Asker: 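My questions will all concern the structure given below.
Keep in mind the model is a prediction, meaning the values are calculated, not measured. Whatever order the structure lists them in is the order used to number ligands and atoms, beginning at 1. Sequence positions, counted from 1, serve as the residue numbers for this chain.
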Amino acid sequence: MPIITAARVIVTSPGRNFVTLQIVCDDGTTGLGDATLNGRELAVASYLEEHVVPCLIGRDAHRIEDIWQYLYKGAYWRRGPVTMTAIAAVDMALWDIKGKIAGLPVYQLLGGAARNSCLVYCHANGTTIADTIETAIRHRDEGYRAIRLQCGVPGLAATYGVAKPGRRYEPADGDLPSESVWSTEKYLRVVPELFAAAREALGWDVHLLHDVHHRLTPIEAGRLGKDLEPYRPFWIEDSTPAENQDAFRLIRQHTVTPLAVGEVFNSIWDAKHLIENQLIDYIRATVVHAGGITHLRRIAALADLYQVRTGCHGATDLSPVAMAAALHFGLSVPNFGIQEHMPHNEETDAVFPHAYRFTDGTMHPGDAPGLGVSIDEDRAAAHAYKRAYLPVNRLEDGTLWSW
Ligand code: CS2
Ligand code: MG
């Protein structure tokens with residue numbers, strides 16, 4: 001059996017911060033796990049280095065479930081984004097090790113492929129509706145069959161999901177949080193116009209998605225869902241904050257637009273009520289923030305009972321290690337829905353060489369043993385960490401609001 005002899009945390013910042021856990025076994029096998037929590041990276045790095053790594057040394061790396069339970073129940077202080085991201089990193093690394101020793105890609109260890117490849121969606125954003133549509137057409141021509149649309153809101157200097165002109169969209173910035181101003185009224189006027197223009201320009205053979213990013217009240221979300229029904233969105237995401245899972249009942253009463261939620265969830269308990277009451281259609285919890293492959297499989301199995309499908313988060317603050325793990329998971333689950341795919345920049349891809357590939361609007365993790373991703377430590381060392389925060393959002397009257 002492969003005994004864990006070392007585990008190291010590697011922090012690198014090729015355009016944005018990533019935290020990676022590398023576990024080493026006595027036979028030389030190594031495994032990688034993503035431990036990136038955007039804006040709180042060093043909290044997870046410290047949790048791993050100070051509290052988790054000492055407990056891993058000497059353990060049998062094949063005992064994934066036992067180690068998961070040890071780190072979850074053994075911490076006493078259960079759940080939360082930092083804890084579950086740390087557990088996720090260990091879990092991903094152990095599945096990587098198991099696959100390498102077995103000589104099999106991780107999806108084969110999870111029951112094999114339940115589909116040929118994973119449908120993915122990309123991001124189209126722009127300051128104006130016209131800019132957004134132009135980008136969406138370009139992505140459709142690149143082969144994407146599903147595109148998320150986010151555009152600027154007239155009267156607001158900036159808004160979620162829209163990159164600064166000429167720059168890639170990376171929301172974490174600054175040595176302290178930047179502040180943006182929000183107006184629900186202005187926003188609710190522009191999104192239906194965006195979708196009307198998108199259907200006019202792109203037709204009906206492409207899925208269109210939208211991320212509300214936690215900013216509406218339930219009844220406002222019902223209004224948006226109803227206004228978008230003529231344009232058949234694939235989903236509206238994070239339409240209202242989900243601490244009160246039952247809030248989605250109010251949205252359901254007013255619209256048949258599909259609802260997605262969960263990228264900020266870190267355990268099955270965050271989603272149980274939503275899933276059991278069929279208040280959502282897609283669950284977006286991820287391998288990196290919801291306890292790894294082991295826990296995400298439990299969430300997907302519960303969701304499957306209620307015809308809820310997976311729609312996992314996949315922004316660029318999830319490293320290529322997480323993307324690889326997400327694709328092995330997505331290929332194997334019966335109730336896969338869609339996988340978010342924001343391509344990383346070239347520097348990041350160089351730090352994390354990987355086997356996963358994009359083809360014709362879908363992605364496949366590849367058949368390399370394990371997760372099929374590695375880390376170039378020399379390149380990683382060349383990109384020093386720099387603290388960065390996600391923005392803070394306020395209403396026009398200064399009220400602190402969800403970003
Ligand atoms: C967004 C994310 O991709 C999405 O759906 O919600 O870009 C989110 O804003 C970031 O992951 C936060 O770090
Ligand atoms: Mg989102």
Asker: Determine which of the N, O or S atoms in Glu263 is closest to the Mg ion (ligand 2) and give its atom name.
Answerer: OE1

Asker: Is the Mg ion (ligand 2) under 2.8 Å from any N, O or S atom of Asp238?
Answerer: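 No - counting backbone and side chain alike, Asp238 has no N, O or S atom under 2.8 Å.
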
Asker: Closest non-hydrogen protein atom to atom 13 (O) of ligand 1, residue and atom name please, with distance?
Answerer: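 Here the nearest protein heavy atom works out to Asn38 ND2, 2.8 Å.
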
Asker: Among all protein heavy atoms in this structure, tell me which lies nearest to atom 3 (O) of ligand 1, with the distance rounded to 0.1 Å.
Answerer: Glu340 OE2, 2.5 Å

Asker: Starting from atom 1 (C) of ligand 1, find the nearest protein heavy-atom neighbour and note its residue, name and distance.
Answerer: Tyr160 OH, 2.9 Å

Asker: Where is the nearest protein heavy atom to atom 2 (C) of ligand 1: which residue, which atom, and how far?
Answerer: His313 NE2, 3.5 Å

Asker: Does the side chain of Phe195 reach to within under 4.5 Å of the side chain of Leu149, using non-hydrogen atoms?
Answerer: yes

Asker: For the Mg ion (ligand 2), what is the closest N, O or S atom on Glu237?
Answerer: OE2

Asker: Nearest to atom 8 (C) of ligand 1, what protein heavy atom do you find, and at what distance?
Answerer: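 Minimum-distance protein heavy atom for atom 8 (C) of ligand 1 reads Glu263 OE2, 3.3 Å.
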
Asker: Output yes when Arg189 and Asp227 qualify as a salt bridge under the 4.0 Å nitrogen-oxygen rule, no when they do not.
Answerer: no

Asker: Using distance alone, decide if ligand 1 has a nitrogen or oxygen within less than 3.5 Å of any nitrogen or oxygen in Tyr121.
Answerer: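 Looking only at distances, the answer is no, because the N/O contact criterion of under 3.5 Å is not met.
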
Asker: Below 6.0 angstrom between ring centroids: does that apply to His364 and Tyr107?
Answerer: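 Yes, the ring of His364 comes within the 6.0 Å limit of the ring of Tyr107, centre to centre.
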
Asker: For the rings on Phe329 and Trp95, is their centre-to-centre separation under 6.0 Å?
Answerer: no

Asker: N/O/S of Glu340 less than 2.8 Å from the Mg ion (ligand 2)?
Answerer: no

Asker: Before accepting this row, confirm whether a basic side-chain N of the pair Asp281/Arg309 lies closer than 4.0 Å to the acidic partner's carboxylate O.
Answerer: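 Salt bridge flag = no for Arg309 with Asp281.
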
Asker: Tell me whether His213 has any N or O atom under 3.5 angstrom from an N or O of ligand 1.
Answerer: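 Right, the criterion is met.
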
Asker: For ligand 1, note which part of Leu390 has a heavy atom under 4.0 Å away: side chain, backbone, both or neither.
Answerer: side chain

Asker: So which protein heavy atom does atom 10 (C) of ligand 1 come closest to, and at what separation?
Answerer: Asp317 OD1, 3.5 Å

Asker: Counting each atom of ligand 1 from 1 as listed, which ones have a heavy atom of Trp403 under 4.0 Å away?
Answerer: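 Once the distances to Trp403 are compared, the set is 9 (O).
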
Asker: Under the ring-ring contact (aromatic ring centres under 6.0 Å, His included) criterion, do Tyr160 and His214 qualify, and how do the steps go?
Answerer: CA-CA 11 Å; Tyr160 162 71; His214 322 277; 8.5 Å; no

Asker: Using a 4.0 Å cut-off to any heavy atom of Asp211, which atoms of ligand 1 qualify?
Answerer: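 Atoms satisfying the 4.0 Å criterion: 1 (C), 4 (C), 5 (O), 6 (O).
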
Asker: Has ligand 1 got any nitrogen or oxygen that is less than 3.5 angstrom from a nitrogen or oxygen of Arg284?
Answerer: yes

Asker: Quick check: do Asn38 and Arg16 have side-chain heavy atoms less than 4.5 Å from each other?
Answerer: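 With C-beta onward as the side chain, the pair touches.
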
Asker: Please name the atom of Asp211, restricted to N, O or S, that is closest to the Mg ion (ligand 2).
Answerer: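 It is OD2 of Asp211.
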
Asker: Return yes if a side-chain donor-acceptor contact under 3.5 Å exists between His123 and Arg148, otherwise no.
Answerer: yes

Asker: What pair of heavy atoms forms the shortest contact from Arg215 to Trp403, and how long is it?
Answerer: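 Reported closest heavy-atom pair: NH2-C, 3.1 Å.
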
Asker: Looking at ligand 1, would Tyr169 count as a contact under a 4.0 Å heavy-atom criterion?
Answerer: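 Contact check Tyr169 vs ligand 1: negative.
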
Asker: Between Glu340 and Arg284, does any side-chain N to carboxylate O distance fall below 4.0 Å?
Answerer: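 Result for this pair is yes, salt bridge flagged.
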
Asker: Between the side chains of Glu65 and Arg298, is the shortest nitrogen-to-carboxylate-oxygen separation below 4.0 Å, so that they form an ion pair?
Answerer: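 Yes, charged N to carboxylate O under 4.0 Å.
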
Asker: Can you check whether His354 and Phe352 have ring centres sitting under 6.0 Å from each other?
Answerer: no

Asker: Please list, in number order, the atoms of ligand 1 under 4.0 Å from a heavy atom of Arg148.
Answerer: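 Listed by number with element: 1 (C), 3 (O), 4 (C), 5 (O).
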
Asker: Would you check whether His123 reaches within less than 4.0 Å of ligand 1, judged by its heavy atoms?
Answerer: yes

